[in-house]
Every structure is written in C-alpha cells, then in structure tokens.
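Labels below follow one simple rule: chain letters A, B, ... track the order of the sequence lines, proteins then strands, and each chain is numbered from 1.
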Number of protein chains: 2
Amino acid sequence: MAAKQKSRPTYAEIAKLAGVSEATVSRVLNGDPKVDSDRVAAVNKAVDQLGYQKNRAAAALASGRTGLIAVVIDDDLSVFQDPFWGAITNGISKVLMENEMQTLLLVAPLDNIDSPVAQYLQRGEVDGAIFLQLHKDTLINRLAKQNLPLVVNGTPHTNNPFAYVDSDNAGGAFAAVRHLVDSGRKVIAKITGDLSNTAAEQRLEGFLAAANEFGLKTPKSLIAQGDWSREAGYNHAKKLLAKHPTLDAIFCSNDVMALGAVTAIQEAGRSVPGDVAVVGFDDSYLAQNSHPGLTSVRQDIAGLGAEAAKMILAKLRGEEVHSEILPCELVLRETA
Amino acid sequence: MAAKQKSRPTYAEIAKLAGVSEATVSRVLNGDPKVDSDRVAAVNKAVDQLGYQKNRAAAALASGRTGLIAVVIDDDLSVFQDPFWGAITNGISKVLMENEMQTLLLVAPLDNIDSPVAQYLQRGEVDGAIFLQLHKDTLINRLAKQNLPLVVNGTPHTNNPFAYVDSDNAGGAFAAVRHLVDSGRKVIAKITGDLSNTAAEQRLEGFLAAANEFGLKTPKSLIAQGDWSREAGYNHAKKLLAKHPTLDAIFCSNDVMALGAVTAIQEAGRSVPGDVAVVGFDDSYLAQNSHPGLTSVRQDIAGLGAEAAKMILAKLRGEEVHSEILPCELVLRETA
DNA sequence: CGTTTTCGTGAAATCGCTTTCACGAAAACT
DNA sequence: AGTTTTCGTGAAAGCGATTTCACGAAAACG
C-alpha cells in the first residue's frame, strides 16, 4: 500500500467527495446564493470531513483579491513611543480577522510618492488601506483616484471626500470644561497642541465653545499655544500663573503637557487641585500612573480602529461609507 | 486602433523584450547565479523599461512561499497599553520590508491550540513567525515540529531549543546597582516584577549578582516581590521604608512600580533622590515624563525587533541561528 | 401549446509565476 | 581524440483557486 503524501486537500477532492464540480465548490465556499441547497450541504460536509482550508495565494491569483488590508503608518521617529498606534492597530486587526481579512503592517515614511510603500499600495497588492498618522494628503489623493478603498484615521486637513474616523475632540474638550465649571472653577486657561494638527484645533474649538456656553471669559492671554511637549506645558503654565493670579484651572490638549503644567503649578507653591485644577487629554498610561492621578479625556482608541476596519469592509462590499466620529469620555482622577 | 488595456506587465512581455525565455526571467529575478551576464542585463533592462513589479500572489502560488512573516501577539487586554509592542513590531517591520518580506499582524489569544490563529500558522500561509508575549509554549512546540521557522521574543521558560531574542535584563540590573553603589548608596532594596516572568527573574538575578559583587547585604526583607503594578511599588516601598530606616535606594523592575515607590517615599517625608534613590526599568514614556525624571534601564526595543527579523530571514535561508541577547543601557535622570 | 427567459450547473480557460526536465554545447576527464 | 560531466537554457507542466461560457431543464410568457 502506497503511503499517501499528506498534503492539503483541494477543490478537486472536495468536488469528488461531494459529487459536484469544482465550480460549484467555489460557489458554495464564496457564498453564491444560487446553488441548490442539497449541493451546498454536500460541499460543506465534504469540507468539514477533509478539514479543508482555502489556499489564499491561489484564491488571490485567480480573483485578484488578496484578502489583505494595509495599515499604513506614515513613519515618524516618535510614532511608536505612543501606545495610541498599537491600540488602534489592535482594534483594526480584531475586526479584520473576524472577517477573514488580514492586517498587513506598513510602517514607512510616505514623504515620497514613489517610495516603496507608495508603489506597493498602487500596485494593488492589498484590497484596501487604512492610514494612521498621515502627514500629507498627496498619496491618498492619488490612491483614491486609482479606486483603492481607503479610510483615514483623524480628520483630514483638506476638504477631501475621504471617509475618516476620528474622536469627538471638540465634544471631549467641551465635557472637560463643563466639569471644571460645574466644580466651581472660574478662570480656566487652555494650553493647545500643535495647531497645525486638526485634533489640536478641534480641542481648542471645543474649549472655546464651552467657554462661550458657560459664560467664561477667554482673553487671548488665557490661551497658550503649545506643541504637545512636557516643556510646553510646564513653561506655558508658569507664564499663565504669573499673568493670571486668579487662575484656577488649566485644560491641556494632551496628558504630557498637563503633567508639565502640574509640575509648574506645584513649583509655584500652589496645590493641585486645591488651587488649580488640571485636565489632560488622551487618558494615557501617563494619566493613569501619575501622582496625583491626572483627570483626562479618554478616546475610544480600539473603537476607532474597529470602526475604520468596518468601514473598509463596507467599502469592499461596495457600500457607501460615511465618516464616523466617536464620543470621548472624561475620566475623573485627582487633578480636577 | 484598439485601445490597449493598461495592465501590469508579466514575464511574457519581459521575456519577449529581452529575447529570453520566461524561465530565464524567473531565474534572473530570483537571483539565480548561473545565468549568463548578458542575459541578466537584458532582463534587468526590460524590467526597468516596463516598470515591472512582481505579482506576489502568483509567485506565492507557484513557489509555496508567501513572503509573509507573522508577528504574533498572544493577546492580553493590557498588551497595547504598553508601547513596547508597537516599538518592537516597528523594528521587525523595518527589517522585513528591506528584505521584501511583509509583516502580517496576528493579535489574538493563543490559549487554544485550535484557535483560528493557531490553525492559520499551521496551515503554512506564512513563511515564518515571530512571537511576542507568549504565554504558553505549547503552540510553538507544535509549530516547531512542523518546521515553521520561528523566533521568540523574550527568554522562554522551558529549556526549548527555540531561537529567541531578549534584552540583557541581568546586565541592565547589574549596571543599575553599580551606579547606585558608585554614588554612595549603602542599603539598596529591590522590588521585583512578577517572578513567573523570565524577565523579572533575570532582573532579580542581576541585582543579586551585583549586590554580591559589591559586597552589599541582601537579606530577604530587602527584596519585595511585586507584580509590575503601581500599587505594588507604592505598598512595598512603604513597608521597606518602615522596616529599614537606613534604606537609601530602591531598584524596581519596571518604571510603573518605581513611580509608585517615589510617591511612597515622598509621602513618608523623605526626598528623592536626596534620602532615597530610585531606579526603574524600561525607560518608558513614564520615566521620561515623570517629575522628578526617573532614572531607568533602557532596552533597545527596536533593536530586539530588528534582530528577531534578521534571525527569521536567516532561518529562511537555511542558516543556523543562535539566540541573541542585546545590551541594556542605564539612563540617568533625577531620581538616582 | 409553442416560444422565450431564467436558472443552476460543469467544462475548461485563466491568473502569473516557479520548477522540473531534457537537450545541446562546452569543459573536464581518460 | 573519445568519452563523460558540467552548464546554461527553453519548453512545458504545474500551483489551486475563480470565472466565463454554453448548455439543458424548468419557469414564464404570449
């Protein structure tokens, strides 16, 4: 008796076992609705029996669909310092996997439109792409023209017709200010992020909207333009404290700056939150592990990833897709 | 005149243009050394001229090699809170990309050996796998038997013959203690990580080795068994301070615990580093942004990723591969 | 009741690359 | 000089799915 080489079963075997043609096997396995139900059952039974698993390479070659979604991170040295990227990628990966799609990670600078990654995407080796941290819109403009389904994380600068996912930055900022007002704060300063960034812009807008709503005065001197860094938080807070003796709260556009502000306040001999309350944004590891614990606005990062993935899948199905804005949540700790 | 459909060129076109057979085109493109140099030149010229880019699906189907390396993260809720995973994945991705391999991200619990991810890996849809954060050795044992090239991040528990990459945890701990001793500290306590973890174990070993080398006394009461959490650092530090009035330094196995310890020390009315020095491990975002800045042992995380990727590539080439231990570096800030 | 549509199905072509095999020429042996 | 090896090459057979196309049967039409 000849030893049979143990190799993975193919359509040929399923077809034989189920008594149908390979074409029908393909139809069943791809969910074609117009196949006789007896045949569907027969094929499924054969598939189970043989423990069949589809060869993706073969399917890709024949169909032109690779089953791959690229997660593109426009590289930047600091990117992977920030757990944000890992968390959002994780959210994406989960959803894609549930839908039998795979997550291909592409981390590289996209400055050059002819960079390997850019070429790769244009070559159609992925079925779609999700862009995180995108510096310029040039590449996605081109890719969109080539009909590559794509979704962008974060609100784009230009008024592009791209579907995107983003947190409700303005809403989160609004909630933070409301909380400060509710707890009796009267003079609230704002330290912004780098305003060339849409998120920084939206957080400022939310702050201003709330200030307006709650009747706070917001002279220019209460709004400091930061750049996300600890130093910016520290230095601006110092200046704000000096200029505004009645200042009793500072809302920073991220946690790092907020912690810098806390240090500045304490060094100025004032207490947090007794004299001055501080609220950050991101609810990062930092906020959770600082002392005193930092009150901060949390984004649903995994949710952003999951939403982005769902949007890509919908696009692949040919559905119309609309951008999504996910709510933020204020996490109360000790500083406010 | 019929409009020619603009579709990507194939071997057929290259072969025709270069005046050789498709077989030769394949040989040239795959670096077969025994092809006449004139022909090589002709093929390369044709490739350039046509802007040819290989169709990976077709290559995968024909050769059985997918060009994909899986990065497997044995999922755990906390995983993506920690920037470690992003950074190491980034390091892997860079090297793989340079070698025309792709990084496939697989994030899922591997508890069950029949989980989708486990099956996927066994099905040979990737050319190799790099495991980060592995809870059990069961799966990799099986995969190794199936000859799937794999590399593990972190020292495995069991004495497996797997190639792995890891930081020199013991060496890093040793350096931290040396620094403390050099700066005049006499009574140094240790708060360990969860000792079921090999990294925690090694950091403790390094501490003990250094203590021995430098003639420090290390009674059991100076060694507290923590679990990586802020609370553990805080609580253990509190107890240590109470029990050892002469205590003048605490070395913690991660930054989070170190920050907890700093808080405890300050609350006890003692200063950092004046009265008690503190050293952490990881040189995380936290260490960099805390106040006072935390002295910590830095791992070369991107280096770990790069090394892991190189090892997988070497394995694919059929080379013998040995585990790699990368050095750590003590980063001095304010707490020690 | 004859004719046109619709429907489910299988045969066969196809996707683009890799690899085996056989062959003639050149190199290396008696 | 005659024989055996080695070497570079092209023809052709896959790899394992998908998809087009044609066909007969059943349904819908007039």
Taking atom P of D:dG16 as reference, at what distance in whole Å does atom CG of B:Leu61 sit?
7 Å
Which residue, B:Ala58 or A:Arg65, contacts DNA chain D at a nucleotide closer to its 5' end, judged by nearest heavy atom?
B:Ala58
Proximal nucleotide (of D:dG10, C:dA11, D:dT18) relative to the A:Tyr11 side chain:
D:dT18
Heavy atoms under 4.0 Å, any strand shown: does A:Val35 hit a base, just sugar-phosphate, or nothing?
sugar-phosphate
Between D:dG8 (P) and B:Asp38 (CG): distance, integer Å:
13 Å
Rounded to whole angstrom units, what separation is found between the CG atom of B:Leu29 and the C1' atom of C:dT19?
15 Å
Would you classify B:Arg27 as touching base, sugar-phosphate or nothing, given that sugar-phosphate means primed atoms plus P, OP1 and OP2, and contacts are heavy atoms under 4.0 Å?
base
Atom CZ of A:Arg123 and atom C1' of C:dC15 are separated, to the nearest Å, by 17 Å
Value in whole Å for how far the P atom of D:dA11 lies from NZ of B:Lys16
14 Å
Any base atoms under 4.0 Å from B:Val25, or only sugar-phosphate, or nothing? Heavy atoms, all strands.
nothing
Hey, is CD on B:Glu319 packed in by over 12 heavy atoms from elsewhere, all under 6.0 Å?
yes
Rounding to a whole Å, what distance do you find between B:Asn55:CG and C:dC17:C1'?
8 Å
Less than 3.5 Å apart, any donor N or O on the side chain of B:Gln122 or B:Arg142 sitting next to an acceptor on the other?
yes
Please answer whether the main-chain N or O of B:Ile69 pairs with a side-chain N or O of B:Asp127 as donor and acceptor at a distance below 3.5 Å.
no
Rounding to an integer number of Å, can you tell me how far B:Asp32 CG sits from C:dC17 C1'?
15 Å
Under-4.0 Å side-chain N/O to phosphate OP1/OP2 contact, A:Ser21 with C:dT9:
no
Select from A:Ala23 and B:Ala60 the residue whose nearest nucleotide in DNA chain C is closer to the 5' end of that strand.
A:Ala23
Side chain of A:Thr198, backbone of A:Thr155: donor and acceptor closer than 3.5 Å?
yes
Hey, does the side chain of A:Arg39 come within less than 4.0 Å of C:dT9's phosphate (OP1/OP2), counting only N and O?
yes
Atom NZ of B:Lys34 to atom P of D:dT9: distance rounded to whole Å?
11 Å
Counting just side-chain N and O atoms, does A:Thr10 come under 4.0 Å of either OP1 or OP2 of D:dG16?
no
Looking at B:Asn30, I'd like to know whether one of its side-chain N or O atoms comes within less than 4.0 Å of OP1 or OP2 on C:dT18.
yes
So what does B:Ser26 hit on the nucleic acid, given a heavy-atom distance under 4.0 Å: a base, only sugar-phosphate, or nothing?
base
Between A:Ser63 and D:dA17, is there a side-chain N or O to OP1/OP2 distance below 4.0 Å?
no
Electrostatic pair A:Arg8-B:Glu125, nearest N-O below 4.0 angstrom
yes
